[in-house]
Each structure stands twice: as C-alpha cells, then as structure tokens.
Amino acid sequence: MTESIQAFNESSARLLSEIREDLKVYFRYMKGLGYAGVALSEDSLKMLDHWYKGAMAETLDRIRADLGTCQRCKLHRGRKHIVFGAGNPRSKLVLVGEGPGYEEDAQGQPFVGQAGQLLTKILWAIGLAREDVYICNIIKCRPPGNRNPEPDEITACIPFLRRQLRAIRPKLVCALGTFAAQTLLETKTPISRLRGRFYVYEGIHLLPTYHPAFLLRNPAKKPDVWEDMQKLQEAYEKA
Ligand code: URA
C-alpha cells in the first residue's frame, strides 16, 4: 500500500470514529430527553440538528472537564492547582493575563496576589468589580519560580483559552502584558507598541495594556494604563 493510500485510510478511520462519537452524543442526549427511537422525516432531521447544536454547545464546564487533571505540558509536575479562570461567564469583558503566580497556584484563582490586588483597583477605577468580568490566563499552571511561559507550554494550553473565549463570547478582551497580547494577536511586536489601541481577535475587540506586575515594577507607566483603561471603559459602556 502506498503511503498516500495509507494516510487516506487513517484519516477516514479517524473521521468515522469522530462520527461515531458524535452519534453517541446525539443519542445519549435524546435518551436523556426521553426519546427511544429515531424518525427520519425532514422535520425530525431538522429537530436532530437543533438538539445536536444544544448538546454540543461549548460551555466553560465542558472545557474544564476536558482539561481534567491536565498533564499536557511539564508544568503539571510543580503545580498545586490548575487556575482555570474566574468571574462572570456572561461578562462583556474578559481579562487575560499571563499565568498563575505563587498565590494563584496556592488558591486555584487568577490574580489574587499582589498584581491581582492592583488589577482589582484598576477595575474599580473604571467602575467594575472583579465579579463583573471574567479573568483568566494564557497558561493555567504556574511556571517554576514565576519564569516566563515557554512556547511548548503556551502551545499545549492555548486551545483551552481559545475555547473559553468562544464559550463566553465577550464583546471585549483586555490582554494584560506581553504574553497575552502577543499570543492572542500572534505577533512579536512589543507590548509598548501594541498597547493603547483596539485590535480584532475572532470578532472580539481586544485592547492590550501593560501587565499589573509590570506596573508594580514600573510605576511610571501607570498613566499609560490609565489612558488605556479609559478607552476600555468607554468601549464597555457602549458594548
Ligand atoms: N499574573 C498573571 O498573569 N496571572 C495571574 O493570574 C496572576 C498574576
């Protein structure tokens, strides 16, 4: 058998196995609704389609379940908790940071350390409480000694953040710092050049700004963030 036929057979087998899994989801869902058989009229097929979309709708719970006790990258070895995200899953605004630090790893919650306290104050300054927004990170496990996330760690983790954003479908994303902005916008442009204006990420308006931990080390940059937050507030009120 040539390699291309073998590759074709393997991809057909994968497709069939996906269809079988999808059918199982369909039928379990219908069984849960009390149905015991399938009628094949056009109307029934339309109904099936409708149920399927409901059954397959992306939810944060489903994404968290798929993440499981993740071991997709080396960070699982040193973590105490996976930091999935927190806040209002129906918010118009999602804030995306870099990754958990010591406190976040200990508590399993994003932005609860020193940088988190500053973020809470920044949010208050534009009239928002943490509970009004959803907060998450590019990576979900703490890198040892709070080092920067490595490319393989981002690659392993980013599909979950992308799914979270698709599930929440916020109007606005605020990318906090280099890693959040560069990863979501798929660019190497420095945060100092990215910040302060809106970009479009999967149909969502995305505003990069400096990370609160960077502000703690560089308080002279606070006016820049204040300027960015006023733009964010204006967009939030209009959204
Ligand atoms: N820094 C981040 O980028 N995320 C957190 O959750 C905490 C600190």
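Every number for a ligand or one of its atoms is a count from 1 in the order of the listing. In this chain, residues are counted from 1 in sequence order.
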Inset, instruction - Scan Arg163, Arg166, Arg162 and name whichever one has a side-chain contact (heavy atoms from CB on, under 4.5 Å) with Ile63. - result: Arg163
Legend entry - Cation over ring face, Lys140 and Phe84, 6.0 Å, 45°: yes
Legend entry - N/O separation below 3.5 Å, Gly99 to ligand 1: yes
Legend entry - Under-4.0 Å salt bridge between Lys238 and Glu234: yes
Inset, instruction - For ligand 1, indicate whether the residue Glu98 contacts it via side chain, backbone, both or neither (heavy-atom separation under 4.0 Å). - result: both
Legend entry - For Pro110, atoms of ligand 1 separated by under 4.0 Å from a heavy atom: 6 (O)
Legend entry - Polar contact flag for Asn137 and ligand 1 (N/O pairs, less than 3.5 Å): yes
Legend entry - Whether Glu104 side chain and Pro110 backbone form a donor-acceptor pair below 3.5 Å: no
Legend entry - Gln109 to ligand 1, any heavy atom closer than 4.0 Å: no
Inset, instruction - Indicate yes or no: does an N/O atom of Gly97 lie under 3.5 Å from an N/O atom of ligand 1? - result: no
Inset, instruction - Measure from NZ or CZ of Lys92 to the centre of the six-membered ring of Tyr236 and say whether it is under 6.0 Å with the direction within 45° of the ring axis. - result: yes
Inset, instruction - Look up atom CG in Leu93 and atom CD in Gln233, then write down how far apart they are to the nearest 0.5 Å. - result: 11.5 Å
Inset, instruction - Pull out every atom of ligand 1 sitting under 4.0 Å from any heavy atom of His211, numbered as shown with elements. - result: 1 (N), 2 (C), 3 (O)
